[in-house]
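Naming convention: chains lettered A, B, ... in sequence-line order (proteins, then strands); numbering from 1 in each chain. What you see is a predicted model, and the numbers here were worked out from it, not measured in a lab.
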There are 2 protein chains.
Amino acid sequence: MAAAATRQHIVEAADRLFYERGFEATAFADIAAATGLSRGNFYYHFKVKNEILDAVITLRLERTRLLLAGWQAAAETPVERIHSFIGMLIGNRAKIMLYGCPVGTLCAELAKLDHIASSRASELFTLFREWLAGQFSLLGRAADADRLAMHLLMRSQGVATLAAAFRDEAFIRREVEQMNLWLEALSPAASLPLET
Amino acid sequence: MAAAATRQHIVEAADRLFYERGFEATAFADIAAATGLSRGNFYYHFKVKNEILDAVITLRLERTRLLLAGWQAAAETPVERIHSFIGMLIGNRAKIMLYGCPVGTLCAELAKLDHIASSRASELFTLFREWLAGQFSLLGRAADADRLAMHLLMRSQGVATLAAAFRDEAFIRREVEQMNLWLEALSPAASLPLET
DNA sequence: GTATCATTAGGACGATTGACCTAGATCCGG
DNA sequence: CCGGATCTAGGTCAATCGTCCTAATGATAC
């Protein structure tokens with residue numbers, strides 16, 4: 001059953017192209033060229049283009065869950081885990097400066113298109129939001145955990161947008177440092193174990 | 001010479017549609033329907049679609065300069081003026097929750113399309129950036145004025161992105177309040193005259 | 001009133017889009 | 001070795017895209 005592999009191949013190529021060029025601007029011919037498959041073949045795996053988008057969003061949701069679970073397991077303190085989230089901006093800085101944040105730009109495009117998958121795309125944000133809120137709760141900020149999560153999410157989105165507009169890596173590093181300081185200031189006690 | 005009026009009519013309709021639907025997703029037929037003009041008429045005023053985009057960006061640049069000049073004249077202190085900038089998020093909240101920030105989303109789309117006008121679109125950001133930096137300089141923060149300007153710009157972009165993704169007005173108000181507090185904390189002395 | 005130029009309407013073009021169809025290739029249990 | 005199911009390639013479709021062209025209309029000057 002090589003079909004599953006082919007389907008996966010298509011979805012991953014679409015995932016990359018949707019990020020780099022946008023959903024609407026990516027034609028089947030582009031995905032066909034990227035995968036080396038024929039155009040018509042797509043319609044065996046997906047009836048309409050929206051189904052590919054759906055599959056891409058599903059893939060991203062899965063990968064995001066894995067990413068969050070990885071951070072959850074790799075770090076012992078919530079502060080460390082939140083640092084992992086912030087660190088994404090550094091780790092993905094090259095692509096971010098070219099194409100912005102994959103989540104933010106997809107949501108923005110689908111919102112403008114009034115696309116059905118718009119709400120499903122924002123679930124990607126919700127994953128980060130709820131995970132971050134969980135970490136802030138562990139930090140003893142259960143009362144305003146969601147507020148803090150949204151604040152941090154907001155800052156990462158703003159950084160990605162401006163970093164792409166100005167192609168400015170120094171700006172990313174500067175703001176990331178400020179976000180880390182903001183986090184440390186939130187609960188100085190909880191972060192102490194990191195420095196011992 | 002009604003040609004100038006017609007041209008202006010086209011550009012303003014395109015400006016709105018490019019914001020609400022995006023550049024690529026807006027076809028000539030859409031602008032024609034919005035203006036009540038015939039498709040072919042466009043090519044008397046603009047040779048190619050990119051020229052319309054160029055005219056739209058020029059229009060936005062002009063309006064932004066007027067906006068900034070208005071704030072400059074209406075308020076006497078830099079703190080008040082910066083509050084005007086932050087207040088945009090409240091004033092335009094309805095459209096922001098539907099379509100995001102006009103500047104940020106346009107820059108993001110053009111960057112993905114590798115469009116020639118991409119750098120020209122980011123000049124819109126530069127206008128705000130330099131104006132804000134000027135205000136921070138007046139606040140006695142000349143040394144890190146640009147850094148502060150970028151920070152504030154970043155926060156407004158993040159707020160717009162998340163506000164659109166979650167359609168959350170309370171989030172906007174909460175973050176705007178935090179931005180105002182951040183500004184007041186920057187130079188408590190300079191803001192005192194506002195409270196007397 | 002006529003000649004001239006500016007402006008507009010609307011049709012037609014080639015290219016490309018998403019979508020569909022069918023014939024052939026591949027696989028696999030009997 | 002076969003026969004049915006699975007999978008793929010490539011052609012075709014109508015619709016729509018940006019672009020172009022021409023004829024009709026409007027206004028202006030003499």
Can you tell which of C:dA9, D:dA9, D:dC17 lies closest to the side chain of A:N41? D:dA9
Report the distance from atom CZ of B:R7 to atom P of C:dT8, rounded to the nearest whole Å. 12 Å
Does the pair B:K95/B:E20 count as a salt bridge with the N-to-O cut at 4.0 Å? yes
Between C:dT8 and B:T6, is there an OP1 or OP2 to side-chain N/O distance shorter than 4.0 Å? yes
Between atom CZ in B:F23 and atom C1' in D:dC17, what is the gap in whole Å? 12 Å
Side-chain donor/acceptor contact of A:R39 with base of C:dT17 under 3.5 Å: no
Selected nucleotide, minimal atom distance to A:V48 side chain, candidates D:dG18, C:dA19, C:dT17: C:dA19
Give a yes-or-no answer on whether the side chains of B:Q72 and B:W131 include a donor-acceptor pair shorter than 3.5 Å. yes
Closer to the 5' end of DNA chain C via nearest nucleotide, is it B:L37 or A:K49? B:L37
Quick one: is D:dC7 close enough that its OP1 or OP2 comes under 4.0 Å of any side-chain N or O from A:Y44? yes
May I ask you to decide whether B:D15 forms a salt bridge with B:R63, counting only side-chain N to carboxylate O separations under 4.0 Å? yes
Nucleotide C:dA19, atom P - distance to NE2 of A:H45 in whole Å: 16 Å
A:F42 CZ to D:dC7 C1': how many Å, rounded? 14 Å
Taking D:dG18, C:dA19, C:dG10 as options, the one with an atom nearest any side-chain atom of B:F28 is D:dG18
Could you tell me the separation between the OH atom of B:Y43 and the C1' atom of C:dA9, rounded to a whole number of Å? 15 Å
Give A:T35 one of three labels, base, sugar-phosphate or nothing, depending on what nucleic acid heavy atoms sit under 4.0 Å from its own. nothing
Is the NZ or CZ atom of B:R129 both under 6.0 Å from the centre of the six-membered ring of A:F166 and within 45° of that ring's axis? yes
Taking for A:G40 and for B:G36 the nucleotide of DNA chain C with the nearest heavy atom, the one nearer the 5' end belongs to B:G36
